[in-house]
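First the proteins, then the strands, lettered A, B, ... as listed; each starts at 1.
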Amino acid sequence: MDIDLNPEQTKAVETTEGAVLVLSGAGTGKTRVLTSRLAYIISNGLAAPWECLAVTFTNRAATEMGERLSGIIGPAASQVWLGTFHRIGLRILRRHAELLGYTSNFTILGQDDQERLLKQIMEAENIDVKKNPPRAVLEVIQGWKDKGLSVSMVPTNTHEDFLNGKILSLYRTYQDRLKNTNAMDFGDLLLLCLELFKAHKDILEKYQNQFRYILVDEYQDTNVSQYLWLRLLAQKHGNICCVGDDDQSIYSWRGAEIGNILKFDRDFPNAQIIRLESNYRSTEHILGAASGLIRHNEGRLGKDLKVAEGQDGSGDKVSVSGVWDGREEASRLIEQTETEKRSGTPYNEIAVLVRVGFQTREFEEAFISAGIPYQVIGGAKFYDREEIRDAVAYLRVLAQQNDDLALLRIINKPRRGIGDATIQILQQTALNEHISVFSAARLLIREESTVLKTAAKKNLRIFMDMFSRLESYMDADIDASDLAEKVLSESGYLAMWKESNAPEAQGRLENLQELIGVLRENFKSIHAFLEHVSLVSDVDDMSNDDKVSIMTLHAAKGLEFNTVFLPGWEDGIFPHQRALDEGGQRALEEERRLAYVGITRARKKVFISFAANRRVYNQWQNNIPSRFLSELPPEHLTGEGSIVGFKRQRQESFTPSRSIPWSSSSHTQSSGKQQIRKGFRVYHNRFGYGVVLSSEGNRLKIAFEDIGVKTIMADFVEAV
DNA sequence: CGTATATATCTTTTT
DNA sequence: GATATATACG
C-alpha cells in the first residue's frame, strides 16, 4: 500500500464498503486516492479487476488513472472497467444493440452531425430555421436527454411555449431518424443504457452483480442521466465511492446537477463523507486568494484548503495588473513568460487560461512573433477540418452504409453530377420507404426504376459501383491506413484537391497525409479509428514537449502548472456577458467557481490581468475590471501594470474618461478604417487594384485594373 | 448541374 | 476571419 498517504486519504482508500463521498478540494491528491483505492481493492482480493467500474469525465483523466494503476498492480489494470461515462455506456450498448433495434456497428454522431440532422428534419417540417436555430432546439433535446428523459417521458406541459409545442414531435422524429440510420448521439450513450436496463432486467442484473465496486471521478459534474445510471448499477452491492468538489462544478450548461453532490447523503443512506483539505499543490497566497474568492458563493458544502504539512507554503503574492488594451496584455504576458523561463521554469510548466476559445488567438500570435513554443489545447480541432471530416465520412459509410449524414456529405464530393435535384429525390425516397439513403440509391438505380432521369441515374450508378469496389477492400485483409489511402484516391477525393488551385489546397492535402499517418501508427481497424474520432477530443492529447499551454479554463480542470496566467478578467468577458444577462445568481456562482478552478491550477505563481479596451467581434469595447477582482483578499495580492490599482470603483471612474476615440465614430462600421470615397485607390482581395467611381451608402462602384467595373461593399476593399 | 461571387452570422464553456 | 447560404450566370 502507498505509505505516503495522509490519514484522510488513507481513510478514503480503505473505506471500501458502502457509499462514500470524498470531498476533495483542488490539489488534495484526488487521483492518488482513486488509484490507490482501486489497487487496494484488487490487491486485497476484495474484487477481481473486471468487477471494478471506474468512471471519469475526460479521456485524459481515464488514461492517467489507468497508467498510474498499472504502475501499481501491473497488467491486471487493463481489465478494470475504466473509462469515461460515454465510453463505458458505449461498451455496454455495442454488446446489446440488437435488443434496442440497432446493430452493433452503430455510428456515433458529434455535435455537427446532430445539428445537420435536426436541420434536415426541421426543413422537412417547414419550420423556419432562421428564426429557430437547430442548435437551440438541439439544446432542449439534449437537456431532456441529460435529465434521463426519453421521448415518451417528457412531461407534456414543459414545452408548449417553444415552437408551438412542436419541439416534442421534433424530438420524436429526431430519435426515429437516428434509429433508422443506425446512429446514436452522445446523450443516447447513457440514455439508451437506461432504457436497456429498464426493459431487460436480466441484463441489468448481470452488470449489477458484476460491479462489486464503483468509483466515480468529478461527481459534481454528473447529470441526472449519469446519476440514474450509477444508482442502478450500484444497487446490488452498494459500494459506490464518488469523488468530487462542489467548488469545481463548472458544467451546469451541459446538464450537470450540482445537486447530485449536495444531496449525496440523502440518495445513498448511511453514506460516509470524507473531506480532503490538505493541499499539496499551491502556496499560501494562491490558496488564500482562491479561498477568499470562493467564499462569496452560497450553498457550498464548505471546505477550506490549507497548505499541507511539510509543504513550503511561502511564495509570491498573486499578481493583478491592469493594462490599456489586449495588445499590451499579450506583450506583458510574453515578457513575464520570458522572465519565468530565465529563472528556471520550463515552458511546459506555464499555462495561459482563458474564458472563451477565441481569446487564444491573440496569445498565439504573440507567442509566434516572440518565437516562444506553445500549444493550444482543444482549440481548432484537427477532426473539425473540412477535408478530415470528408475523409472520415467516406470511412463512416464504408463501416456502416446506413450512415445517411456521412453519405450525403460525400456523395457529390468530388463532383459526380449528383446534384441537389437527385439528392432531394434520394432523401424523399428514403423517407417514404423508411430506409436509408444508401438503400434508396440502390432502389433507384435498378433497371426498372424510372424515377431518375437517365443522366442522373447513370451518375448515381457509377457512384454506387465505385463504392462496392471500395467495400470489397474491406474484406481483404488490409490495414486501416492502406484502406484509407485507397479510398481517398479511388474516390477521386485526393485528386480533387490536387487539381484545385485554391490557396489552401496544399495544406488540406498535407492534413490528409497526416490523417493517414495517424491511422498507420495508431489504428488497426477502421472501426477503432472511427470510435476514437467520435469520443476523443483534442483536449485529451497534450504533448509533454517544452511548450507553453494555452487553453480555456474548462479544459484546464484537472491540470496543474507552476505558473498560470489568467488574462481577460473584465466584466462581460469573465464573468461572461451571458452569465450576467441570463443566468442570475446561479450562473454568476458558476463563473466564480471557474475563476476558482483557474487560480488553483497554479503551484507557485498566478498572474491575473485585465484590459480597459479590447476588440471583440471586430469592434472596440471598453470594459471594467472583473467583479471577481474586488473579491480577492488584498493581503494576497500585489498590483502592477500600466494601470495600477485594482479597485473596481476607481476603474469605473477612470474608464469612460479615456474611451478609445474610434469606438464612438459613427461614419464607418469597420474599426479604425478610413472612410472610402469617390476617387480613392483601393485594393480588393480577389480583384486587385482599382479606383472608386462613385459611392452610394457603403456600396462602391469600382473600376478595377484587370476586370473592369464592379459594385462592391466598402467592407471588402481597403484604401491604398 | 456547376461555378463564382456576395453576404450573413457567429463566438461560452465539451463528452 | 472562417464558413454556410444565397444568388447569378454559364
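As judged by a 4.0 angstrom heavy-atom cut-off over every strand, A/Arg361 is placed among residues touching the sugar-phosphate backbone only. Using a 4.0 Å heavy-atom cutoff across all strands shown, A/Tyr251 reaches sugar-phosphate atoms only and no base atom. No engagement by A/Ser534 is indicated, since no non-hydrogen atom pair under 4.0 Å with the nucleic acid exists.
Distance NZ (A/Lys413) to P (C/dT3): 11 Å, rounded to an integer number of Å. The CG atom of A/Asp112 sits 16 Å away from the P atom of B/dT15 (whole-angstrom rounding). Regarding A/Phe85, its CZ atom lies at a distance of 19 Å from the P atom of B/dT14, rounded to whole Å. Distance, A/His554 NE2 to B/dT15 P: 11 Å, rounded to whole Å. Summarising the geometry, the separation between CZ on A/Arg60 and C1' on B/dT15 is reported as 12 Å, rounded to the nearest angstrom. As a whole-Å value, the separation of A/Ile377 CD1 from B/dT14 P is 12 Å. Separating the NZ atom of A/Lys557 from the C1' atom of B/dT15 is a distance of 12 Å, rounded to the nearest angstrom. Rounded to whole Å, the distance from CZ on A/Phe57 to P on B/dT14 is 14 Å.
For A/Glu591 and A/Arg578, the salt-bridge test fails: no basic side-chain N is under 4.0 Å from an acidic carboxylate O. Using a cut-off of 4.0 Å between Lys/Arg side-chain N and Asp/Glu carboxylate O, A/Lys30 and A/Asp245 are scored as not salt-bridged. Remark: A/Arg396 engages A/Asp113 in a salt bridge, criterion side-chain N to carboxylate O under 4.0 Å.
Across the interface with DNA chain B, nearest-nucleotide mapping of A/Ala456 and A/Glu590 shows A/Ala456 to be the residue nearer the 5′ end. Comparing A/Glu386 and A/Glu365 by the nucleotide of DNA chain C that holds the closest heavy atom to each, the one mapping nearer the 5' end is A/Glu365.
For A/Arg254 and A/Tyr251, the positive end sits near the middle of the six-membered ring, less than 6.0 Å away and at most 45° from its axis. Both tests pass for A/Arg94 against the ring of A/Phe106: distance under 6.0 Å to the centre and angle within 45° of the axis.
OP1 or OP2 of B/dT14 has at least one side-chain nitrogen or oxygen of A/Thr552 nearer than 4.0 Å. At B/dT14, none of the side-chain N or O atoms of A/Arg254 fall inside 4.0 Å of OP1 or OP2 (strictly under the cut-off). Look at A/Arg135 and you'll find a side-chain N or O under 4.0 angstrom from OP1 or OP2 of B/dT11.
Looking at the side chain of A/Thr422, the nearest of the listed nucleotides B/dT13, B/dT15, B/dC1 is B/dC1. Of the listed nucleotides (B/dT13, B/dT15, B/dC1), B/dC1 has the atom at the smallest distance from the side chain of A/Ala421.
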For nucleotides 2-4 of chain B, give me every protein contact, N/O to N/O, under 3.5 Å, one pair per line with atom names.
residue, atom, partner, partner atom, Å
B/dG2, OP1, A/Gly417, N, 2.8
B/dT3, OP2, A/Arg415, NE, 3.4
B/dT3, OP2, A/Arg415, NH1, 2.3

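Checked by distance alone, A/Trp253 brings no side-chain donor or acceptor within 3.5 Å of a matching partner on the base of B/dT12. Remark: the A/His576 side chain and the B/dT12 base include no donor-acceptor N/O pair separated by less than 3.5 Å.
The two atoms that bring A/Gly255 and A/Asn223 nearest to each other are O-CB, 3.0 Å, heavy atoms only. In this structure, A/Trp569 and A/Phe610 approach most closely via the heavy-atom pair O-CB, 3.1 Å. Contact record, A/Gly83 with A/Ala62: CA-CB, 4.0 Å, taken as the closest heavy-atom pair.
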